[in-house]
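Every value quoted in this text rests on a predicted model; they were computed, and no experiment measured them. Numbered from 1 within each chain, the chains take letters A, B, ... in sequence-line order.
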2 protein chains.
Amino acid sequence: MSSPRLTADARRQQILDVAIDEFGRSGYFGTSMNDIAEAAGVTKPVLYQHFDSKADLYRALLDEVGTRLLETIAKATTDAADGRERTERGFAAYFGWVADHHLEFTLLFGGSARQEGEFAAQIRRINEAAATAIAGLIDVDLDPAHRETIAHGLVGLAEGASRRLVGAGESFDPDEIARVVSQLAWAGLRAVDRERR
Amino acid sequence: MSSPRLTADARRQQILDVAIDEFGRSGYFGTSMNDIAEAAGVTKPVLYQHFDSKADLYRALLDEVGTRLLETIAKATTDAADGRERTERGFAAYFGWVADHHLEFTLLFGGSARQEGEFAAQIRRINEAAATAIAGLIDVDLDPAHRETIAHGLVGLAEGASRRLVGAGESFDPDEIARVVSQLAWAGLRAVDRERR
DNA sequence: CTCATGAGTTACCGAAGGGTAACCGATCGT
DNA sequence: ACGATCGGTTACCCTTCGGTAACTCATGAG
């Protein structure tokens, strides 16, 4: 399985691609640099020509995948008419991404990264970005702390649903899920609003 | 810091207590058996007199903590009048538990366990139990698959909110959070119901 | 007093794995 | 044709860490 020679850039990208697979399947600690090298059809030192360390490679991966996810959602929500539509499109983009990128989802939210302080911050950054966006849509009379908590809760709502969908293995219709979830979220928020005012 | 001699049972329990701390703080792979032994004021072989392996110790921990969480929730919800009340009490019990057990929360949901297949199943078991309980409360006209997905979403809702609360470090009023969250969940579900029927 | 019980220690093994030094050989510009 | 470049390999080091064999020593029963 010896791969042909590649240019530095191509090899770097290939390593990243392969690493998503390996880390996604087995987690950070369950994957050795040898595993990745082998999967890339190459030997270990090659990895170190492109990345300073295992942690560095993983960081680069989280960054790339996380950025892509956020961009996907951002792109889908820019030209929405109102908050309601923005919410639904945001969820649709998110679930669509999950449906097409099981391994990436596992990488980000499967857990390996959540704990180890070093990477936890990076995952939090993504969560935070999503939550902040959602918090901006919450037109509800709540003190900021509660609003933040609810926003994170809604991010968790999407994450929890996705975990189940990905875990089940079957494919699913992201738009349909998004409709139900955003319906739930939106109506839920209105109810909280009514009770509070 | 040499501890006095303890009976086998007491030592075993102390190890479990100490291990929650260590694993909760640094994760499964970030914690060595030596770390735990040292924190317990004892040497490594003592750990192996009580647990077959590191994995075994961790399993026992997840089991104990998970069972306690589920029991707490179960106890709080048994004598509820209707679904609505059951939901609110369930969330209140959950958030109360989180408020008092930051490290346990991190242990279960901080992520270390989610990935590694061996422990992932155990965490899933807990999630599943919670989701099943919630699914039973969802009196909504949805096909079972969607109902399951929503139930997992609601579990994620609580998890996401908790993650933010625990991460912020400040203390919070679990009952207040529970009121808002269950208000959101309940009204959200009703809305989904209305649209679907 | 003494001896069995069992909690606890010291000192070690072996494997895994991150990381590196030194070398190789295909390719391409001149 | 030739030499510099650079993608790639072999072989290795060294630390960490899970796990264990063999010993020590306090304690309580008789």
Asks: Mind listing the N/O atom pairs, protein and nucleotides 18-20 of chain D, below 3.5 Å?
Replies:
residue, atom, partner, partner atom, Å
D:dG18, OP1, B:Lys54, NZ, 2.8
D:dG18, OP2, B:Met33, N, 2.9
D:dG18, N7, B:Lys44, NZ, 3.1
D:dG19, OP2, B:Tyr48, OH, 2.9
D:dG19, OP2, B:Lys54, N, 2.9
D:dG19, N7, B:Lys44, NZ, 2.8
D:dG19, O6, B:Lys44, NZ, 2.5

Asks: Tell me whether the rings of A:Phe29 and B:Phe29 are parallel (<30°), tilted (30 to 60°) or perpendicular (>60°).
Replies: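 The rings of A:Phe29 and B:Phe29 lie parallel, inter-plane angle below 30°.
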Asks: For A:Arg59 and C:dG18, give me the distance from atom CZ to atom P, rounded to whole Å.
Replies: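 Answer to the nearest Å: 15 Å.
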Asks: Rounded off to whole Å, could you give me the CZ-to-P distance for the A:Arg12 and D:dC6 pair?
Replies: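 Atom-to-atom, A:Arg12 to D:dC6, this comes out as 18 Å.
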Asks: May I ask you to verify whether the side chain of B:Gln49 and the base of C:dG6 hold a donor-acceptor pair under 3.5 Å?
Replies: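 Side chain to base: no pair present.
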Asks: Quick check against the 3.5 Å criterion: does A:Thr77 have a side-chain atom that pairs as donor or acceptor with the backbone of A:Ala74?
Replies: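 At least one qualifying donor-acceptor pair exists.
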Asks: For the side chain of B:Asp193 and the backbone of B:Arg190, is there at least one donor-acceptor N/O pair under 3.5 Å apart?
Replies: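 It does not hold such a pair.
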Asks: Separation of B:Leu6 atom CG from D:dA26 atom P, in whole Å?
Replies: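 Whole-Å distance recorded here is 16 Å.
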Asks: Tell me whether the side-chain N/O atoms of B:Arg11 come closer than 4.0 Å to OP1 or OP2 in C:dG8.
Replies: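 Checking B:Arg11 against C:dG8: at least one side-chain N or O falls below 4.0 Å of OP1 or OP2.
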Asks: Do the side chains of B:Tyr94 and B:Leu137 join up, straight or via other hydrophobic residues, at under 4.5 Å, putting them in one cluster?
Replies: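 No, because B:Tyr94 and B:Leu137 fall into different hydrophobic clusters, even though each may have its own neighbours under 4.5 Å.
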Asks: Please work out which of the three classes, parallel, tilted or perpendicular, describes the rings of B:Trp97 and B:His101, given edges at 30° and 60°.
Replies: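 Rings of B:His101 and B:Trp97: parallel, as their planes differ by under 30°.
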Asks: Grab the CD-C1' distance between A:Glu38 and C:dA16 for me, whole Å please.
Replies: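 After rounding, the reported distance stands at 15 Å.
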Asks: Ignoring hydrogens and geometry, is there a side-chain-to-backbone donor-acceptor pair from B:Lys54 to B:Thr31 under 3.5 Å?
Replies: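 Flag set: sc B:Lys54 to bb B:Thr31 pair under 3.5 Å.
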Asks: To the closest 0.5 Å, what do you measure between OH (B:Tyr58) and CG (B:Asp63)?
Replies: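 With rounding to 0.5 Å, OH (B:Tyr58) is 13.0 Å from CG (B:Asp63).
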Asks: List, with names and distances, any nitrogen or oxygen atoms from the protein found under 3.5 Å away from nitrogen or oxygen atoms belonging to nucleotides 13-15 of chain C.
Replies:
none

Asks: To the nearest Å, give me how far apart NE2 (A:His50) and C1' (D:dC6) are.
Replies: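 Rounding to the nearest Å, NE2 of A:His50 and C1' of D:dC6 are 11 Å apart.
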Asks: Taking atom P of C:dA7 as reference, at what distance in whole Å does atom CD of B:Gln13 sit?
Replies: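 Atom CD in B:Gln13 sits about 16 Å away from atom P in C:dA7.
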Asks: Taking the side chain from A:Arg147 and the backbone from A:Ile138, do they hold a donor-acceptor pair closer than 3.5 Å?
Replies: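 Side chain of A:Arg147 to backbone of A:Ile138, a donor-acceptor pair under 3.5 Å: yes, one is there.
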Asks: Taking the inter-plane angle between the rings of A:Phe172 and A:His102 on a 0 to 90° scale, is it parallel (under 30°), tilted (30 to 60°) or perpendicular (over 60°)?
Replies: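 Geometry flag for A:His102 against A:Phe172: parallel rings.
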Asks: State, to the nearest 10°, the angle formed by the axis through the first five base pairs of the helix from C:dC1-D:dG30 to C:dT30-D:dA1 and the axis through its last five.
Replies: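 It comes to 10° between the two terminal axes.
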Asks: Ignoring hydrogens and angles, answer whether the base of C:dG8 and the side-chain atoms of B:Arg5 contain a donor-acceptor pair closer than 3.5 Å.
Replies: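 Answer no: no donor N or O sits under 3.5 Å from an acceptor.
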Asks: Between A:Arg164 and A:Glu170, does any side-chain N to carboxylate O distance fall below 4.0 Å?
Replies: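 Salt bridge flag = no for A:Glu170 with A:Arg164.
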Asks: Indicate the ring-plane relationship of B:Tyr28 and B:Phe23, choosing parallel, tilted or perpendicular according to the 30° and 60° boundaries.
Replies: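 Ring orientation of B:Tyr28 relative to B:Phe23: parallel.
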